[in-house]
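Before any comments, here is the structure.
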Amino acid sequence: MKHKIRQLLKQSLDQLVEGGDLELAMLPAQIPVEHPRRAGQGDYASGIALGLARVSGQKPRDLAGKIQAALPAAPFVESTEIAGPGFINFFVAEQALIEVVSEVLDERDKYGTKVIENPHKVLLEYVSANPTGPLHVGHGRGAAFGDTLARLLRSAGHQVDTEYYVNDIGRQMDILGVSVCMRYLELEGQTAIVPQGVYQGMYVRDIAARFKRRHGREIELGEVPRFEVDGGTLDEVVDSLIRQVRDWLGEAQFEMIRSFALADMVEVIRADLEAIGVVHDSWFFESQVTKSGELEEAINDLEKNGFLYRSGGARWFQSSEFGDEKDRVLTRSNGELTYFASDIAYHLNKLRRGHDYVINIWGADHHGYIARMKAAMQAAGENAERLRIYLVQFAALYRGKQKIPMSTRAGEFVSLAELVDEIGQDATRFFYVLRKPDQHLDFDLELAKSVSNENPVYYVQYAHARICSVFRQMSERGIVRSTGRNLPGRAEQVELNLIRRISKFPEVIESAAQALEPHQIAYYLRDLSTDFHSFYNRVRILDGEPPLRDFRLNLIEAVQQVLANGLEILGVSAPETM
RNA sequence: GCCCCGGUAGCUCAGUUGGAUAGAGCAGCCGCCUCCUAAGCGGCAGGUCAGACGUUCGAGUCGUCUUCGGGGCGCCA
């Protein structure tokens with residue numbers, strides 16, 4: 001409907017250009033059409049005349065009048081008016097609104113979808129937390145956001161592939177391996193040490209226990225040494241411990257434990273995600289780019305293009321050439337590659353798979369990496385514009401007023417799994433997505449638990465369940481709807497409000513998808529639910545005269561459908577009873 | 001010191017790319033179940049949009065500065 005209004009305005013403007021009242025160059029790329037805030041100002045309004053007034057040297061209201069006069073007639077427009085400083089308000093014909101109900105009932109779960117004019121093929125990477133511990137509440141936000149975004153974009157008509165990038169090699173995995181070794185020792189009745197810097201959480205014991213069950217017989221502990229952990233910085237102690245454990249167990253046995261821990265951890269994470277309905281299309285392991293040689297190729301590309309140099313025994317990438325604030329190390333002076341190096345190879349891999357855009361959802365703590373990653377893509381000869389990186393702000397966890405620190409290494413965190421256990425998948429997802437991504441999120445556990453019955457998600461679900469209930473009643477009373485969809489007489493205000501809201505659903509999907517803002521859907525559903533609950537309280541649907549009754553049944557069925565479509569995007573269930 | 005995000009009702013947050021008289025939920029107060037689910041509805045009250053200046057017909061929205069809060073600035077991941 002919005003597009004149709006815009007179309008009318010465009011035709012009018014074109015005519016004025018032809019008549020010499022306006023010049024083509026003055027026209028904006030997109031003609032503004034909005035919903036007036038106040039009732040009585042029409043269904044749609046455009047401030048186009050206000051914008052054009054200055055550049056064309058005409059008074060806004062005069063110009064608005066010319067535009068209005070040149071508007072082509074359209075059956076769905078009841079009337080137009082010039083209002084305020086020069087707005088053109090559009091009043092939609094009641095009949096056109098009523099037809100929206102039919103439209104929803106014809107299109108069903110397709111209503112509101114495929115609203116994008118030129119669909120893209122998109123690769124969306126999100127979560128990608130290191131497999132060194134279960135997901136915590138902070139990761140949950142990225143997971144809920146990313147998954148909802150994927151659903152939203154698909155719904156709007158884009159083609160989306162989702163991926164999880166796993167850092168499966170490097171020091172962190174060694175530390176995880178050592179941590180599991182220590183807990184395994186404990187299970188064998190030996191004395192183990194778990195100094196600071198080694199993963200402390202209970203989940204490490206669980207991994208060790210599963211390892212023992214599966215592979216306990218294959219491990220030869222031999223003489224367990226006394227581990228030296230004195231002196232040096234935290235990092236030095238940890239590195240020394242890794243060496244000691246490797247020497248003691250031998251590379252083969254250590255690798256066995258390390259790789260088991262990795263696989264086990266990945267499974268835990270996969271299960272954590274599944275518990276809130278998040279499933280990635282693919283999982284990409286960092287080791288893939290090393291084994292395939294892509295890592296070397298990537299570095300060669302940069303070298304060939306002349307953006308690498310050596311200094312202080314390390315190999316640097318000239319990211320400052322592309323707007324980064326300083327150059328970055330690719331190969332450390334000890335010969336090891338940084339994670340940045342394999343990240344470059346991975347992102348080149350993604351950009352070369354044939355998507356229009358590659359979208360990354362990163363935690364806000366990674367914002368310093370955007371410039372260097374885009375720099376690397378450019379240096380390697382790719383169009384960095386195709387890589388879109390979006391940040392999701394942190395979720396800080398509170399228990400009442402008490403802030404809960406979150407550290408995987410220290411084992412202090414509230415896991416996502418615990419959260420979902422306590423407040424459920426639907427409430428968890430809705431809570432996360434209710435905030436726009438660039439807003440800090442204070443997740444108060446006490447509150448989330450105590451107000452769980454007042455969570456907006458139940459308000460929306462309740463609307464859906466209530467409608468289901470009306471249809472159950474209808475069956476019980478043996479009521480059979482006629483197939484006609486006309487409304488006898490005039491619609492009431494509550495009905496029109498509801499229909500207007502339904503008619504906006506496609507616009508909301510378009511807007512939310514365009515802005516990558518899933519929260520718009522959540523707020524829309526809440527508003528739709530409000531309109532429905534109002535309507536429900538105002539009229540007795542089943543007690544009306546058959547023609548009116550049947551129209552209202554169609555109306556709430558349309559509401560039910562839109563609620564279901566919207567909840568599907570959020571990954572929240574649409575229950576039939578509550 | 002530099003960079004990113006934020007500051008809107010007592011609390012948690014929206015605010016449709018600069019528009020008309022700034023909204024919702026929770027908390028508070030007053031009403032509504034003989035009736036399809038009261039996890040609901042109606043009403044009241046609640047605001048210097050952190051502050052200042054600027055841009056213009058018009059600013060919660062854009063710019064500069066100040067201030068407060070969160071995060072980031074490594075041959076860590």
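Sequence lines set the chain letters: A, B, ... in the order given, protein chains first and strands last, and positions in each chain run from 1.
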If you look at every strand shown and take non-hydrogen atoms under 4.0 Å, does [X] touch a base, only sugar-phosphate, or nothing?
| X | value |
| --- | --- |
| Asn89(A) | base |
| Tyr459(A) | sugar-phosphate |
| Phe471(A) | nothing |
| Ser511(A) | nothing |
| Glu325(A) | sugar-phosphate |
| Gly312(A) | base |

What protein N or O atoms touch nucleotides 48-51 of chain B N or O atoms at under 3.5 angstrom, if any, and at what distances?
none

[atom1] atom, [N] versus [M]: distance in rounded Å?
| N | M | atom1 | answer |
| --- | --- | --- | --- |
| G25(B) | C41(B) | P | 8 Å |
| C57(B) | U64(B) | C1' | 23 Å |
| U66(B) | C75(B) | P | 30 Å |
| C62(B) | A27(B) | C1' | 36 Å |
| G60(B) | U21(B) | C1' | 15 Å |
| U48(B) | C65(B) | P | 27 Å |
| G51(B) | A9(B) | P | 10 Å |
| C49(B) | U61(B) | C1' | 10 Å |

Asp527(A) (side chain) and A14(B) (base): donor-acceptor pair under 3.5 Å: no
Got a list of protein N/O to nucleotides 28-34 of chain B N/O distances below 3.5 Å?
none

Would you list the protein and nucleotides 55-64 of chain B atom pairs, both N or O, that sit under 3.5 Å from each other?
residue, atom, partner, partner atom, Å
C57(B), N4, Arg54(A), NH2, 3.4

OP1 or OP2 of C73(B) under 4.0 Å from side-chain N/O of His366(A): no
For His347(A), all residues meeting side chain to side chain donor-acceptor pair (under 3.5 Å), sequence neighbours excluded: Asn360(A)
Evaluation steps, side-chain hydrogen bond (donor to acceptor under 3.5 Å, both in side chains), between Gln461(A) and Ser573(A): CA-CA 8 Å; Gln461(A) 290 181 318; Ser573(A) 67; 3.3 Å; yes
Salt bridge (charged side-chain N to carboxylate O under 4.0 Å, His left out) pairs, two or more places apart, involving residues 308-323 of chain A: Glu303(A)-Arg315(A)
Dot-bracket encoding of pairs in RNA chain B, which uses [ ] for pseudoknotted crossings and | for another strand, Watson-Crick or G-U under 3.5 angstrom: (((((((..((((.....[...)))).(((((.......))))).....(((((..]....))))))))))))....
